[in-house]
Amino acid sequence: MKTKLILLLLGLPFMAISQFTSSLGLVVGSEFSYRHRHTSSIDPDIQFVSNAYGAETQKYNWRFGVNYNHKISPKLYLKTGIRFANVGYQRKITGLIYGNQFDGNIFDPTIESADPSEVRFTYDHLFIEIPLIARYQFNKKKWSPFVESGMSSMILFDQSNEYSFRNTTSQSDPNVDYKTLHFAGSLSVGMNYTPSDYFQFFVQPIFRYHFTTLVNDVPIKENLFNYGIEFGVRRRLQ
């Protein structure tokens, strides 16, 4: 009897729970984003610029919103909702030199300048995201791994270029013909934890790629992408 009780207690985290036919949830994402540049032009100057990423780097960004989930088979769910996301990247130019660092003939780096030796540019693209995602759950237990894949409509509603120089930060007008509607694909794996019949928590690493290029009618194409991790909670509706 004592042995059976111990086995029962050890197996509790893996026992099956009641399924969520539909649920409403909150999600928060912490991610890094960047851009993929490419061109089909055979012009060597354009190809050089396309490959010259220079001092560009990925940028830390965020994403949050609400999801609606509905079960369409014992292990398959569809997810939609609305989210707000910031996707962008940054660029740093270093090695700046100034007139007071010339000795009259050549540049002398040993001559100190009061001005900074670098300037930083930050590019932010703010989107409203409407996902349509399929999720496959491998079991019906308290701890349940899953995979998700699907497409999202991404509506660009704001964009900003910011540069930091001499301890000041300023905004500049991008004056670029950005595309308003984007389509992005995503792929993720994750884990559900369901402590009760009404609440479910989840965590999932995720990769997302914008199939729509960022700017209209330019020889060098840019596709945004990001990768990170999402956390959330679902509340059972029925």
Side-chain angles (χ1 to χ4, degrees), residues 13 17-35 58-89 123-160 180-212 214 223-238:
I17 57 161
S18 60
Q19 298 181 62
F20 286 31
T21 301
S22 63
S23 63
L24 193 66
L26 300 176
V27 60
V28 176
S30 174
E31 59 195 36
F32 289 95
S33 62
Y34 196 32
R35 63 174 176 168
Q58 61 188 4
K59 180 178 175 293
Y60 175 75
N61 284 305
W62 49 262
R63 186 180 305 261
F64 68 89
V66 295
N67 292 327
Y68 172 75
N69 305 267
H70 189 78
K71 184 177 69 174
I72 59 175
S73 74
K75 294 184 178 181
L76 188 64
Y77 292 76
L78 281 182
K79 178 176 74 177
T80 187
I82 185 168
R83 303 173 182 181
F84 296 92
N86 183 14
V87 185
Y89 54 94
Y123 305 89
D124 288 306
H125 309 281
L126 301 178
F127 288 93
I128 295 174
E129 177 187 9
I130 303 174
L132 183 59
I133 307 295
R135 180 175 73 252
Y136 181 83
Q137 295 186 184
F138 290 93
N139 60 50
K140 306 172 187 178
K141 299 176 182 178
K142 182 172 286 189
W143 292 94
S144 174
F146 65 85
V147 294
E148 281 190 350
S149 183
M151 295 285 293
S152 295
S153 299
M154 310 284 295
I155 302 170
L156 179 66
F157 70 92
D158 196 13
Q159 199 282 336
S160 67
T180 302
L181 179 61
H182 289 220
F183 294 98
S186 63
L187 178 65
S188 66
V189 296
M191 179 68 72
N192 292 323
Y193 171 63
T194 313
S196 72
D197 288 342
Y198 294 96
F199 287 98
Q200 186 177 69
F201 299 89
F202 66 90
V203 59
Q204 59 186 98
I206 186 168
F207 174 79
R208 190 178 285 103
Y209 185 87
H210 288 227
F211 295 112
T212 306
L214 184 60
N223 296 78
L224 298 171
F225 67 89
N226 61 271
Y227 60 94
I229 191 166
E230 293 183 347
F231 305 89
V233 58
R234 303 183 186 105
R235 171 65 164 83
R236 180 180 178 181
L237 299 178
Q238 58 176 313

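In what follows, residues are counted from 1 in the order of the sequence shown.
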Of all the heavy-atom pairs spanning Leu181 and Thr212, show the shortest one and how long it is.
O-CG2, 3.6 Å
Identify the heavy atoms of Arg234 and Ser23 that sit nearest to each other, and give their distance.
CD-OG, 3.7 Å
The criterion is ring pair (Phe, Tyr, Trp, His ring centres under 6.0 Å); which residues satisfy it with Tyr89, sequence neighbours excluded?
Tyr123
The ring pair (Phe, Tyr, Trp, His ring centres under 6.0 Å) partners of His210 (sequence neighbours excluded) come to Phe127, His182
Check whether any side-chain heavy atom of Lys142 lies under 4.5 Å from a side-chain heavy atom of Tyr193, and answer yes or no.
yes
Closest non-hydrogen atoms of Glu31 and Asn86, given as atom of the first, atom of the second and distance, are OE2-O, 4.0 Å
With rounding to the nearest 0.5 angstrom, report the CG to OG distance, Asn69 to Ser22.
9.0 Å
How far apart are the C-alpha atoms of Lys59 and Phe32, what are their side-chain angles, what is the distance that settles it, and do they pass the side chain to side chain contact (heavy atoms under 4.5 Å, CB included) test?
CA-CA 5 Å; Lys59 180 178 175 293; Phe32 289 95; over 6 Å; no
Checking Ser30 now: which residues fulfil side-chain hydrogen bond (donor to acceptor under 3.5 Å, both in side chains) with it, not counting sequence neighbours?
Tyr60
Check whether Phe199 forms a cation-pi arrangement with Arg235 (NZ or CZ under 6.0 Å from the six-membered ring centre, at most 45° off the ring normal).
yes
State, yes or no, whether a side-chain contact exists between Lys71 and Leu76 at a heavy-atom distance under 4.5 Å.
no
Beyond-backbone contact of Asp124 with Gln159, side-chain heavy atoms, under 4.5 angstrom:
no
Distance check, rounded to the nearest 0.5 Å: Leu78 atom CG versus Ser73 atom OG?
9.0 Å
Might you work through the side chain to side chain contact (heavy atoms under 4.5 Å, CB included) test for Gln200 and Phe202, ending with a clear yes or no?
CA-CA 7 Å; Gln200 186 177 69; Phe202 66 90; 5.7 Å; no
Quick one: ring pair (Phe, Tyr, Trp, His ring centres under 6.0 Å) partners of Tyr209, sequence neighbours excluded?
Phe211
Do Arg135 and Val147 touch side chain to side chain, with heavy atoms closer than 4.5 Å?
no
I'd like to know whether the aromatic ring centres of Tyr136 and Phe138 sit less than 6.0 Å apart in this structure.
yes
With sequence neighbours left out, what residues match Asn223 under side-chain hydrogen bond (donor to acceptor under 3.5 Å, both in side chains)?
His38
Shortest non-hydrogen contact between Thr80 and Pro131, atoms and distance
OG1-O, 2.8 Å
Separation between NE2 of His70 and CG of Leu24, rounded to the nearest 0.5 Å:
13.5 Å
Go through the structure and list residues passing ring pair (Phe, Tyr, Trp, His ring centres under 6.0 Å) with Phe231, not counting sequence neighbours.
none
Whether the side chain of Ser144 engages the backbone of Asn139 through a donor-acceptor N/O pair (distance < 3.5 Å, no angle test) should be reported.
yes
List the steps, then state whether salt bridge (charged side-chain N to carboxylate O under 4.0 Å, His left out) holds for Glu230 with Arg208.
CA-CA 12 Å; Glu230 293 183 347; Arg208 190 178 285 103; 3.2 Å; yes
Find out whether Arg83 and Asn67 are in side-chain contact, i.e. whether some heavy atom of one side chain is under 4.5 Å from a heavy atom of the other.
yes
Student check: side-chain heavy atoms of Ile82 and Glu129 closer than 4.5 Å
no
Nearest heavy atoms of Ile133 and Ser186, plus distance in Å
CD1-OG, 3.5 Å
Would you call Gln137 and Tyr77 a side-chain contact if the rule is heavy atoms closer than 4.5 Å?
yes
Flag the pair Asn226 / Tyr34 as yes when at least one side-chain heavy-atom distance between them is below 4.5 Å, and no otherwise.
no
Would you check, one step at a time, whether the test side chain to side chain contact (heavy atoms under 4.5 Å, CB included) holds for Ile128 with Phe84?
CA-CA 5 Å; Ile128 295 174; Phe84 296 92; 3.8 Å; yes
What heavy-atom pair brings Ser188 and Pro205 nearest, and what distance separates the two atoms?
CB-O, 3.0 Å
For side chain to side chain contact (heavy atoms under 4.5 Å, CB included), just list the numbers for Phe146 and Gln204, CA-CA rounded to whole Å, side-chain angles, deciding distance to a tenth of an Å, and then say yes or no.
CA-CA 9 Å; Phe146 65 85; Gln204 59 186 98; 3.8 Å; yes
Between Ser152 and Met154, is there a donor-acceptor pair closer than 3.5 Å when you use the side chain of the first and the backbone of the second?
no
